[in-house]
Amino acid sequence: MTSGRSAAAAVLLKFALALLVGLIAGAAGMQRYLKQPDRVVERFHRLYHARGAQTFNNTFWLGVPTQKLPLDLWVFQELIFALRPDVIVETGTYHGGSSYFYATLCDLMGHGRIITVDIEDYPNKPKHPRVTFLHGSSTDPRIVEQVRSLIHAGETVMVMLDSDHRGSHVGEELRLYGPLVTPGSYLIVEDTHFNGHPILPKFGPGPWEAAREFVAANPQFQVDRTPEKFLFTFNPSGYLKRTGR
Ligand SMILES: C[S@@+](CC[C@H](N)C(=O)[O-])C[C@H]1O[C@@H](n2cnc3c(N)ncnc32)[C@H](O)[C@@H]1O
């Protein structure tokens, strides 16, 4: 009887020890994992993109689809409020959700207008007195000329590039639209997360590569990483601030 009891106690002790060792190992593993917050962000970023139907293709501003990360929209709001641009130029209108978002902010501030360009003319875009829609390729010289003609001397200009994300196209947009950005304002190169930064590793040169090349050749622009404060952005290293003339 006594030996039966001590055998049971020994089994119980072994079990308790194994549980303790397991708990300690698990906690250590979790600590190691949490010490790499960038990995957590990166994994969440990939998951967010992989679930596009639930996330970025299911995001709306006042009922209008917008292919944006809400954290980025919030940062845009902060930049627009701080800079009070006279004109926001956007390439890549899509259904008009992002330009509608900017127009709503301009309404609240009582200031600013938007020029948005798309090669496709999507139906049912929301009409807004502050928004001018241009139909054509963002790199078509006639479109670029139209955009320029809609900006008056002395106006503060902000530019968002969100059209064809291939590096060659973004590079051309940067060359054409970069000079419109006024000192102190931003040239936002969107979707720099393509080509493994961290999504779509096989995309090939995209916005990230084009932005890097542009900044290297145009020292009046600097990558500003402060707008990445919410840790997760579709535009890593894509917020280019014009610091010089
Ligand atoms: C990512 S979507 C834009 C999303 C939109 N800014 C939003 O946040 O809802 C890209 C858009 O770029 C347009 N696009 C593709 N190539 C273009 C080009 N060469 N010039 C202008 N727009 C282009 C596409 O038709 C598409 O509507």
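Along the sequence shown, the residues carry numbers beginning at 1. Ligands are counted one by one from 1 in listed order, and the atoms in each one are counted from 1 as well.
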Polar contact flag, side-chain donor to acceptor under 3.5 angstrom, W208-S237: no
Selected option - heavy-atom contact closest to atom 17 (C) of ligand 1, from D72, T91, I119, D118: I119
Within 6.0 angstrom of R46 CZ, more than 12 heavy atoms from elsewhere: yes
Ligand-side contact atoms (ligand 1) for residue partner S163, heavy atom cut-off under 4.0 Å: 10 (C), 12 (O), 14 (N), 17 (C), 21 (C), 22 (N), 23 (C)
Interfacing atoms of ligand 1 (cut-off 4.0 Å, heavy-atom, E120): 25 (O)
E90 and ligand 1 - part of the residue with a heavy-atom distance under 4.0 Å: side chain
Any N/O pair S138/ligand 1 closer than 3.5 Å: yes
Contact check, G136 vs ligand 1, heavy-atom distance below 4.0 Å: yes
T93, portion touching ligand 1 at heavy-atom distance under 4.0 Å: backbone
Sub-4.0 Å heavy-atom contact, M160 with ligand 1: no
Qualifying salt bridge (charged side-chain N to carboxylate O under 4.0 Å, His left out) pairs, either residue in residues 82-96, two or more places apart: none
Per-atom contacts of ligand 1 with S98, taking only distances under 4.0 Å to non-hydrogen atoms: 5 (C), 6 (N), 7 (C), 8 (O), 9 (O)
Flag for D107-Y102: side-chain donor and acceptor within less than 3.5 Å: no
Flag for D224-Y186: side-chain donor and acceptor within less than 3.5 Å: yes
Nearest non-hydrogen protein atom, atom 8 (O) of ligand 1: K68 NZ, 2.8 Å
Pair S138-H169, side-chain donor/acceptor within less than 3.5 Å: yes
Which of the ligand 1 atoms, numbered from 1, are nearer than 4.0 Å to a heavy atom of T66: 7 (C), 8 (O), 9 (O)
Residue pair T139 / E173, side-chain donor-acceptor N/O under 3.5 Å: no
Steps toward side-chain contact (heavy atoms from CB on, under 4.5 Å) verdict (E78, F81): CA-CA 5 Å; E78 291 188 5; F81 179 75; 5.9 Å; no
Ligand 1-proximal atoms of E190, by part, heavy-atom distance under 4.0 Å: neither
Atom 16 (N) of ligand 1 [closest protein heavy-atom partner, distance rounded to 0.1 Å]: D164 CB, 3.5 Å
Per-atom contacts, ligand 1 versus G92 - under 4.0 Å to a heavy atom: 3 (C), 4 (C), 5 (C), 6 (N), 11 (C), 12 (O)
Where at least one partner belongs to residues 174-193, residue pairs that pass salt bridge (charged side-chain N to carboxylate O under 4.0 Å, His left out), sequence neighbours excluded: K68-E190, E172-R175
Mutual orientation of the aromatic rings belonging to H45 and H193 [parallel < 30°, tilted 30-60°, perpendicular > 60°]: tilted
Intermediate values then yes/no, side-chain contact (heavy atoms from CB on, under 4.5 Å), T66 and F101: CA-CA 9 Å; T66 176; F101 175 77; over 6 Å; no
Nearest non-hydrogen protein atom, atom 9 (O) of ligand 1: Q67 N, 3.0 Å
Close approach of D162 to ligand 1, heavy atoms, under 4.0 angstrom: yes
Contact atoms of ligand 1, heavy-atom distance to S137 under 4.0 Å: 18 (C), 19 (N), 20 (N)
